Amino acid sequence: MSAPNQRLSLKQSGVRWLWLAALVFILDIGSKLLVMNAMDYGWPNRIELLPFFNLLYVHNYGAAFSFLNDAGGWQRWLFAAIALGVCGLLTFWMRRTPVTNTLANSAYALIIGGAIGNLFDRLYHGFVVDFLDFYVGSHHWPAFNIADIAICVGAALIILEGFVADKKKQ
């Protein structure tokens with residue numbers, strides 16, 4: 001990341017990477033729309049694709065791993081506020097990060113795109129659409145979606161960027 005007081009023009013800053021956030025959002029919403037229109041809801045209607053992977057249309061009213069899934073509805077607004085706050089903070093950081101810092105800017109954009117995809121679901125449907133179901137034997141990982149993948153990859157890239165930045169300082 002650049003120095004905190006350094007001002008970058010929009011052309012020089014990482015906000016130029018927001019195209020990636022838009023792409024993630026479009027892929028996420030498009031895949032969810034396809035699932036909602038092509039599949040019936042719930043476990044009996046899963047599509048078995050591989051010995052460890054199903055397509056399974058489910059609703060998640062909570063967050064990762066269905067955290068607060070049964071909390072009564074208030075969590076929708078809490079997670080929406082968190083998503084907006086995180087997106088605002090990451091956009092601020094992108095504004096201060098040179099466009100050439102590919103690792104940091106792509107990480108921020110992936111998280112923003114995923115967060116906005118899930119935020120859209122929360123605000124429009126009242127839940128997040130999940131459909132990717134990985135499992136081993138009878139043990140299933142909680143279902144997730146394209147937005148969740150983008151958020152996880154973005155978070156991993158931020159961690160990686162921290163190690164790369166530390167190496168450059170040495």
Side-chain angles (χ1 to χ4, degrees), residues 1-36 58-69 71 73-132 134 141-170:
M1 198 174 336
S2 64
N5 294 328
Q6 182 179 351
R7 291 201 176 261
L8 299 171
S9 73
L10 288 179
K11 285 185 177 183
Q12 296 171 321
S13 78
V15 296
R16 291 184 62 190
W17 280 85
L18 288 175
W19 66 266
L20 181 57
L23 178 63
V24 168
F25 174 77
I26 291 166
L27 291 172
D28 179 60
I29 295 302
S31 64
K32 291 171 180 174
L33 186 61
L34 182 66
V35 165
M36 292 172 72
V58 293
H59 299 162
N60 183 356
Y61 293 90
F65 306 106
S66 297
F67 176 66
L68 295 177
N69 193 45
W74 61 267
Q75 74 277 21
R76 172 185 185 187
W77 305 110
L78 172 67
F79 295 134
I82 290 169
L84 288 171
V86 166
C87 288
L89 179 63
L90 293 176
T91 303
F92 174 77
W93 287 350
M94 288 176 91
R95 178 69 174 91
R96 293 178 170 265
T97 303
V99 69
T100 55
N101 189 336
T102 304
L103 197 55
N105 287 314
S106 59
Y108 301 155
L110 287 168
I111 295 170
I112 290 168
I116 292 174
N118 284 342
L119 174 64
F120 176 85
D121 275 6
R122 285 185 204 292
L123 297 179
Y124 188 78
H125 302 295
F127 53 81
V128 174
V129 174
D130 287 330
F131 58 91
L132 301 172
F134 284 88
W141 191 260
F144 56 98
N145 57 45
I146 303 297
D148 298 334
I149 293 170
I151 291 167
C152 289
V153 170
L157 290 176
I158 287 174
I159 293 167
L160 177 63
E161 199 271 338
F163 287 115
V164 170
D166 284 347
K167 285 244 183 212
K168 287 181 182 177
K169 289 180 184 176
Q170 293 177 356

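Quick note: residue numbers are just sequence positions, from 1. Keep in mind the model is a prediction, meaning the values are calculated, not measured.
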**Asked** Do the side chains of Asp148 and Asn145 get nearer than 4.5 Å, heavy atoms only?
**Response** yes
**Prompt:** Do the non-hydrogen side-chain atoms of Phe144 and Asn60 ever get within less than 4.5 Å of each other?
**Reply:** no
**Request:** Show your working on side-chain contact (heavy atoms from CB on, under 4.5 Å) between Trp77 and Leu123 and close with a plain yes or no.
**Result:** CA-CA 8 Å; Trp77 305 110; Leu123 297 179; 3.6 Å; yes
**Request:** With side-chain contact (heavy atoms from CB on, under 4.5 Å) as the test, would you mind laying out the steps for Asn101 and Leu103 before giving the verdict?
**Result:** CA-CA 6 Å; Asn101 189 336; Leu103 197 55; 4.2 Å; yes
**Interatomic spacing from CG in Leu89 to CG in Leu84 - rounded to 0.5 Å** = 12.5 Å
**Message:** Less than 4.5 Å apart, side chain to side chain, heavy atoms only: is that true for Val86 and Ile112?
**Reply:** no
**Message:** Working note: Ser106 + Leu20, criterion side-chain contact (heavy atoms from CB on, under 4.5 Å); need CA distance, chi angles, decisive distance, verdict.
**Reply:** CA-CA 7 Å; Ser106 59; Leu20 181 57; 3.9 Å; yes
**Message:** Which heavy atom of Leu8 sits nearest to which heavy atom of Pro98, and what is that distance?
**Reply:** CD1-N, 3.6 Å
**Spacing of OG belonging to Ser31 relative to CD1 belonging to Ile149, to within rounding of 0.5 Å** = 8.5 Å
**Request:** Could you tell me which non-hydrogen atom of Gly154 sits nearest to which non-hydrogen atom of Ala107, and how far apart they are?
**Result:** O-CB, 3.4 Å
**Message:** The test is side-chain contact (heavy atoms from CB on, under 4.5 Å); show your working for Leu157 and Tyr108 and say whether it passes.
**Reply:** CA-CA 9 Å; Leu157 290 176; Tyr108 301 155; over 6 Å; no
**Item:** Closest contact, heavy atoms only, Arg16 versus Trp19
**Value:** O-CD1, 2.9 Å
**Request:** Determine yes or no for a side-chain-to-main-chain donor-acceptor pair under 3.5 angstrom, with Arg122 supplying the side chain and Arg76 the backbone.
**Result:** no
**Request:** Could you tell me whether the side chain of Phe79 reaches within less than 4.5 Å of the side chain of Val128, counting heavy atoms only?
**Result:** no
**Asked** Which word best sums up how the rings of His125 and Phe127 line up, parallel for under 30°, tilted for 30 to 60°, or perpendicular for over 60°?
**Response** parallel
**Item:** Atom of Gly14, atom of Asn105 and distance for their closest heavy-atom approach
**Value:** CA-OD1, 3.2 Å
**Message:** If you compare all heavy atoms of Ala115 against all heavy atoms of Cys87, which two are closest, and at what distance to 0.1 Å?
**Reply:** CB-SG, 3.7 Å
**Item:** Atom pair CD1 (Ile116) and CG (Leu18), whose distance is rounded to the nearest 0.5 Å
**Value:** 8.0 Å
**Non-hydrogen side-chain atoms of Ile146 and Lys32 separated by less than 4.5 Å** = no
**Fill in**
Looking only at heavy atoms, the pair that brings Ile29 and Gly117 closest together is CD1-O, 3.8 Å
**Complete:** Rounding to 0.5 Å, atoms CD1 (Ile26) and CG (Leu33) come to a distance of 13.0 Å
**Prompt:** Under the criterion side-chain contact (heavy atoms from CB on, under 4.5 Å), which of Leu110, Asn118, Val24 is the partner of Ile151?
**Reply:** Asn118
